[in-house]
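Just so you know, these numbers come straight off a predicted model, no measurement behind them.
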Amino acid sequence: MSRMSDHPARWTQATVYPDMWADPDDDPRNSEGADPDGELPTLQDYLSDYRLTLRMKCEGLDAEQLARRSVPPSTMSLLGLLRHLAEVERDWRNWITDGEPLPKLYGRRDADFDGAVAEQAVVDAAYADLEREQAATDAALAAHPDLGERLGKDRISVRSLLVHRIEEYARHCGQADLLRECIDGRVGQ
């Protein structure tokens with residue numbers, strides 16, 4: 001597996017604000033309207049924006065670039081992050097059920113990152129897995145609109161799970177910023 005480039009030139013596609021990823025008119029996260037009303041719509045809006053941010057950081061890269069690891073001994077890559085978040089979405093559903101847990105999506109521990117290899121079929125599967133797992137977790141939580149409701153064996157509140165999801169995506173989007181900049185020099189928030 002190849003390593004990140006040592007010195008890619010920094011660049012941005014944005015022309016209006018040079019510290020942004022895209023110009024406001026081209027940014028799917030850009031909502032010129034009022035903030036959502038209520039706690040649940042606000043949390044869902046933040047989660048949606050972080051999900052979009054991660055996808056944007058991966059756009060325009062080929063399988064080799066997506067699978068490119070940061071620095072040894074780390075196994076982190078953008079493709080690994082996509083696979084990891086699919087695995088995490090599945091695991092969150094395990095948190096809110098009283099039944100038997102769903103099996104790991106990629107098998108053994110760290111297989112989400114270890115299996116992130118530079119093959120287009122792996123990339124395509126990672127995007128499909130992430131989309132499917134996000135939709136399944138969203139649907140499971142939609143059945144519980146009361147943010148104070150406690151679910152699963154550990155009695156986690158819906159609010160806590162939603163905030164944890166936002167935190168997980170936000171943290172990994174920060175890592176994606178650095179990974180992308182190392183791959184081809186593109187910067188922007």
**Asked** In Å, rounded to the nearest 0.5 Å, how long is the span from SG of Cys173 to CE of Met56?
**Response** 10.0 Å
**Prompt:** Does the pair Glu64/Arg68 count as a salt bridge with the N-to-O cut at 4.0 Å?
**Reply:** yes
**Prompt:** Do other residues, nucleotides or ligands put more than 12 heavy atoms under 6.0 Å from Tyr127 OH?
**Reply:** yes
Tabulate below the donor-acceptor pairs under 3.5 Å that side-chain atoms of residues 103-111 make, not counting sequence neighbours, or state none.
residue	atom	partner	partner atom	Å
Tyr106	OH	Asp129	OD2	2.8
Arg108	NH1	Asp114	OD2	3.2

**Prompt:** Who else is in Leu52's hydrophobic cluster (ILVMFWY, side-chain heavy atoms under 4.5 Å, direct or via others)?
**Reply:** none
**Request:** Side-chain contact test, heavy atoms from C-beta onward, threshold under 4.5 Å: evaluate it for Leu40 versus Leu162 and give yes or no.
**Result:** yes
**Prompt:** Got a second to check how far Ser48's OG is from Ile166's CD1, nearest 0.5 Å?
**Reply:** 10.5 Å
**Message:** Quick one, Leu179 with Ser77, criterion side chain to side chain contact (heavy atoms under 4.5 Å, CB included). Give me CA distance, side-chain angles, the key distance, then yes/no.
**Reply:** CA-CA 7 Å; Leu179 289 165; Ser77 66; 5.6 Å; no
**Request:** Search all heavy atoms of Leu79 against all heavy atoms of Val117 and return the closest pair with its distance.
**Result:** CD2-O, 3.4 Å
**Prompt:** Pairs in or reaching into residues 163-178: which pass salt bridge (charged side-chain N to carboxylate O under 4.0 Å, His left out), with residues at least two apart or in two chains?
**Reply:** Lys57-Asp177, Glu89-Arg165, Asp138-Arg165, Glu167-Arg171, Glu168-Arg171
**Asked** Which residue pairs pass the ring pair (Phe, Tyr, Trp, His ring centres under 6.0 Å) test with at least one member in residues 51-90, sequence neighbours excluded?
**Response** His84-Phe113, His84-His172
**Asked** For Ala128, what residues pass the side-chain contact (heavy atoms from CB on, under 4.5 Å) criterion, not counting sequence neighbours?
**Response** none
**Message:** If you define the side chain from C-beta out and look only at heavy atoms, does anything of Tyr50 sit under 4.5 Å from Leu54?
**Reply:** no
**Request:** Report the distance from atom CZ of Arg132 to atom OG1 of Thr137, rounding to the nearest 0.5 Å.
**Result:** 10.5 Å
**Item:** Any donor-acceptor pair under 3.5 Å from Asn94 side chain to Leu102 backbone
**Value:** yes
**Asked** Would a 4.5 Å heavy-atom cut-off, applied to side chains only, mark Leu43 and Leu147 as touching?
**Response** yes
**Asked** Could you give the distance from OG1 (Thr42) to CG (Leu47), rounded to the nearest 0.5 Å?
**Response** 12.5 Å
**Request:** Search all heavy atoms of Pro8 against all heavy atoms of Cys182 and return the closest pair with its distance.
**Result:** CG-O, 3.5 Å
**Message:** Please find the pair of heavy atoms, one from Gly99 and one from Thr97, that lie closest to each other, and give the distance.
**Reply:** N-OG1, 3.0 Å
**Prompt:** Is the Trp95 ring parallel, tilted or perpendicular to the Trp92 ring (thresholds 30°, 60°)?
**Reply:** perpendicular
**Message:** Please list all pairs meeting salt bridge (charged side-chain N to carboxylate O under 4.0 Å, His left out) that have one or both residues in residues 146-162, counting only residues at least two apart or in different chains.
**Reply:** Glu39-Arg159
**Item:** CG on Leu130 to SG on Cys58, rounded to 0.5 Å
**Value:** 9.5 Å
**Asked** Got a second to check how far Arg51's CZ is from Gln44's CD, nearest 0.5 Å?
**Response** 9.5 Å
**Request:** Could you tell me which non-hydrogen atom of Leu82 sits nearest to which non-hydrogen atom of Ala126, and how far apart they are?
**Result:** CB-CB, 4.4 Å
**Complete:** Smallest heavy-atom separation, Ala67 atom then Ala118 atom, equals CB-N, 3.6 Å
